[in-house]
Amino acid sequence: MRIIRERNISGFEEKYIEIIEKNYNEFKDNLGKLIAIPSVVDEAEGNMPFGKNVDNALNFVLNMAEKDGFIIKNVDKYGGHIDFPTSRPINESEPADEEEIVAVVGHLDVVPAGDIENWNTDPFSMVERDGKFFGRGVLDDKGPLLASYYAVKALKEAGFSPGKTIRLILGCDEETEWKGMKYYMETEQPNVVSGFSPDADFPAIHAEKGCTEFLVERKISGESEGGRIITKMTGGTVTNAVADKATANLKFSGSPDECDAAWEKISSLSKSFKPRVTLPEEFNNPEDLITLEKMPEINTVCLTSHGISAHGSRPDLGLNAISVMMDFLGQLDLPEGPSREIVDFYNDHLGYTFNGENMGIAFSDEPSGKLSLNVGLVDIDQDKAGFTLDIRYPVTMDLDDVYDGIRATVVPEGYRVKCVNHMAPLYKPVDDPLIVTLMNAYKEFTGDEKSKPIVIGGGTYARAVPNTVAFGPVMPGREDICHQPNEYIFAEDLYMSIKIFAKALYELAK
């Protein structure tokens, strides 16, 4: 494991570490069972607001905890919690809602697997290979959440008597709209005095950039049938992930000979296509980028572009299939009209850029660095064209700065702008007591005295639960592949995180 130096540990610490080791195979078995539940948020089904699979994941964890002797609560299937209650004597004059809680806040939903062809294993069947666990959710966030649970379980079995209640709060729609966490917090109103969300990086997160989604949209009317036009285009699965696939229906008109010539030109370009960006190794062959087929509808071809998914906060780690498609269409020399205007707009203002430099929002600050921009979704038909942007902006900026910059750029070109989701930045000084406690727990088990608290572009449940920050599980120097195909985490890192979480919770709750 990644222990760098020998440590002097207490007898109690030695005891809970032995229990973590004893329970490790059980941990792996339960993680495999949890990964096997494809808990992607779906349409509400009966009394299950996020669909059957998310509900199954919630029930699995709550049932597991109940069997282990914890106090559990299912909050109307919007979320739930697992309590290791305080041993502090209860003062009958103290209001019940003033119970001090140390919270671990995680989520059971996952992003879609995306294009299965990009996976080397079944995304919903956990595989341990080459020292890594593979599967959708092993990193984000089922693996870290279950690691937190086994940290609490080890403290309980070791005989810890917490001075504050330790509560694992289980979220169900973190990858979408956070309705479940909002419902949970409004219903339960927990008095959280400290805690963390195990949904980011080590050593500790002291700031999260502002997160916002904008819909940039324009109407289409009166497009000529001459030449080649886009009749439909879709791409992406969720806003907060880099799109790994996009499709576009392209219709062309003219005589049969002209249509055949158009088909040949498109087919030829797809084989010789040279995108205006350096490609990852996976796409050394340009024929891997664009595929096409003739459609039953007369004179219509369906184009499919391929990319590489990544977390929306790190679009530079992926290859956006929407950008690939627009790049290709831009090289087709479409006739004058709305289709060409839309393609030109995209390539001029979005394209393969990541920091909003062509959208009037190339903001940066000292604490958190550059703004990031990801085009998560595209939806074009014969009436409208819309792009949904996932933007992570610096902690010293506010939403109006971003809105004003985008609006000034796109409104003159006939687009309207609408903010569809927003979370303000989260910031704590590096000397905040919570950050110091978490850093010390990390240092104790890794011996890493060099790494400092960091800023991330991702948005975690720490924004929804007061007095918490993000903490783990990605170790410094490790690749972060949240939302990507072949999602994995090093087994030794996940094992180490159980020990770090246990130490942190012990210090926060004693």
Side-chain angles (χ1 to χ4, degrees), residues 112 114-115 213-239 241-253 262-263 265-267 269-270 273 275-277 288-309 312 315 318-353 373-390 410 413-418 420:
D115 192 343
E213 295 178 14
F214 280 96
L215 174 64
V216 176
E217 189 176 47
R218 62 163 281 185
K219 293 182 178 179
I220 301 173
S221 61
E223 180 156 31
S224 168
E225 289 292 326
R228 296 179 289 277
I229 64 170
I230 302 167
T231 58
K232 184 175 180 61
M233 180 175 172
T234 59
T237 54
V238 290
T239 308
V242 175
D244 64 356
K245 187 175 182 180
T247 61
N249 288 355
L250 198 65
K251 185 175 182 179
F252 38 85
S253 59
W263 164 265
K265 182 175 181 178
I266 296 171
S267 179
L269 180 60
S270 71
F273 173 50
R276 295 172 292 183
V277 67
D288 293 336
L289 287 170
I290 299 288
T291 57
L292 64 160
E293 63 175 326
K294 290 182 178 179
M295 301 294 289
E297 182 183 353
I298 189 169
N299 297 340
T300 298
V301 58
C302 178
L303 307 174
T304 301
S305 60
H306 305 273
I308 299 175
S309 185
L319 177 64
N320 197 316
I322 299 170
S323 298
V324 171
M325 178 66 77
M326 289 297 189
D327 188 359
F328 180 81
L329 293 173
Q331 297 184 35
L332 273 181
D333 191 25
L334 299 176
E336 295 291 339
S339 289
R340 180 169 177 175
E341 292 169 2
I342 293 164
V343 171
D344 288 346
F345 168 83
Y346 187 97
N347 289 329
D348 289 344
H349 295 292
L350 296 166
Y352 298 109
T353 61
L373 184 154
N374 174 59
V375 184
L377 302 170
V378 61
D379 184 13
I380 300 174
D381 57 31
Q382 297 184 72
D383 298 317
K384 68 179 186 312
F387 307 101
T388 306
L389 314 181
D390 178 353
V410 306
E413 298 202 33
Y415 288 81
R416 71 182 184 95
V417 182
K418 179 182 179 183
V420 294

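Below, each value reflects all heavy atoms present in this structure, side chains not excepted, and no hydrogens, waters or symmetry copies. For reference, positions follow the sequence shown, starting with 1.
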In Å and rounded to the nearest 0.5 Å, what is the OG1 to NE2 distance from T291 to H306?
-> 3.5 Å
From I229 atom CD1 to I342 atom CD1, the distance as rounded to the nearest 0.5 Å | 10.5 Å
Is I322 close to L350 at the side-chain level, that is, under 4.5 Å between some pair of heavy atoms?
-> no
Identify the two heavy atoms, one from A246 and one from M325, that lie closest to each other, and give their separation to 0.1 Å.
-> O-CE, 3.6 Å
Distance in Å, T234 OG1 paired with D379 CG, rounded so as to fall on 0.5 Å steps = 7.5 Å
To the nearest 0.5 Å, how far apart are SG in C302 and NZ in K251?
-> 15.0 Å
Contact summary for A243 and G235, nearest pair of heavy atoms | CB-C, 4.5 Å
So how far is it from N347 CG to Y352 OH, rounded to the nearest 0.5 Å?
-> 7.5 Å
Evaluate the ring planes of Y415 and F345, with Trp represented by its six-membered ring, and classify them as parallel (under 30°), tilted (30 to 60°) or perpendicular (over 60°).
-> parallel
Between G312 and N374, which heavy-atom pair has the shortest distance, and what is it?
-> O-CB, 3.6 Å
Audit row: I220, D383, side-chain contact (heavy atoms from CB on, under 4.5 Å) steps and yes/no = CA-CA 5 Å; I220 301 173; D383 298 317; 5.7 Å; no
Would you say T239's side chain and D390's backbone share a donor-acceptor pair under 3.5 angstrom?
-> no
Quick one: do Y346 and V378 satisfy side-chain contact (heavy atoms from CB on, under 4.5 Å)? Show the steps, please.
-> CA-CA 11 Å; Y346 187 97; V378 61; over 6 Å; no
Run through L303, L289, L292 and flag the one making a side chain to side chain contact (heavy atoms under 4.5 Å, CB included) with F328.
-> L303
Answer yes if the side chains of T247 and T304 hold a donor-acceptor pair under 3.5 Å, and no otherwise.
-> no
Report the C-alpha separation of M326 and F387 in whole Å, then their side-chain angles, then the decisive distance to 0.1 Å, and conclude whether the side-chain contact (heavy atoms from CB on, under 4.5 Å) test is met.
-> CA-CA 12 Å; M326 289 297 189; F387 307 101; 3.7 Å; yes
Taking only residues two or more places apart in sequence, or in another chain, which ones meet V420 in a side chain to side chain contact (heavy atoms under 4.5 Å, CB included)?
-> E213, L215, K418
Side chains of V343 and I230: does their closest heavy-atom pair fall under 4.5 Å?
-> yes
Donor-acceptor contact present, side-chain N320 to main-chain V375, <3.5 Å = yes
What heavy-atom pair brings V277 and L319 nearest, and what distance separates the two atoms?
-> CG1-CD1, 4.4 Å
Separation between OG1 of T231 and CG of N249, rounded to the nearest 0.5 Å = 4.5 Å
How about L332 and I266: do any of their side-chain heavy atoms sit closer than 4.5 Å?
-> yes
Applying the side chain to side chain contact (heavy atoms under 4.5 Å, CB included) test to Q331, which of D333, L334, L329, D327 qualifies?
-> D327
Compare every heavy atom of S323 with every heavy atom of G351, then report the nearest pair and how far apart it is.
-> O-OG, 2.7 Å
For residues R218 and G414, report the shortest heavy-atom separation together with the two atoms involved.
-> CB-O, 3.3 Å
With sequence neighbours excluded, residues passing side chain to side chain contact (heavy atoms under 4.5 Å, CB included) with A241 = V238, S309, H483
What's the verdict on side-chain contact (heavy atoms from CB on, under 4.5 Å) for I290 and V324, showing C-alpha distance, side-chain angles and the deciding distance?
-> CA-CA 8 Å; I290 299 288; V324 171; 4.1 Å; yes
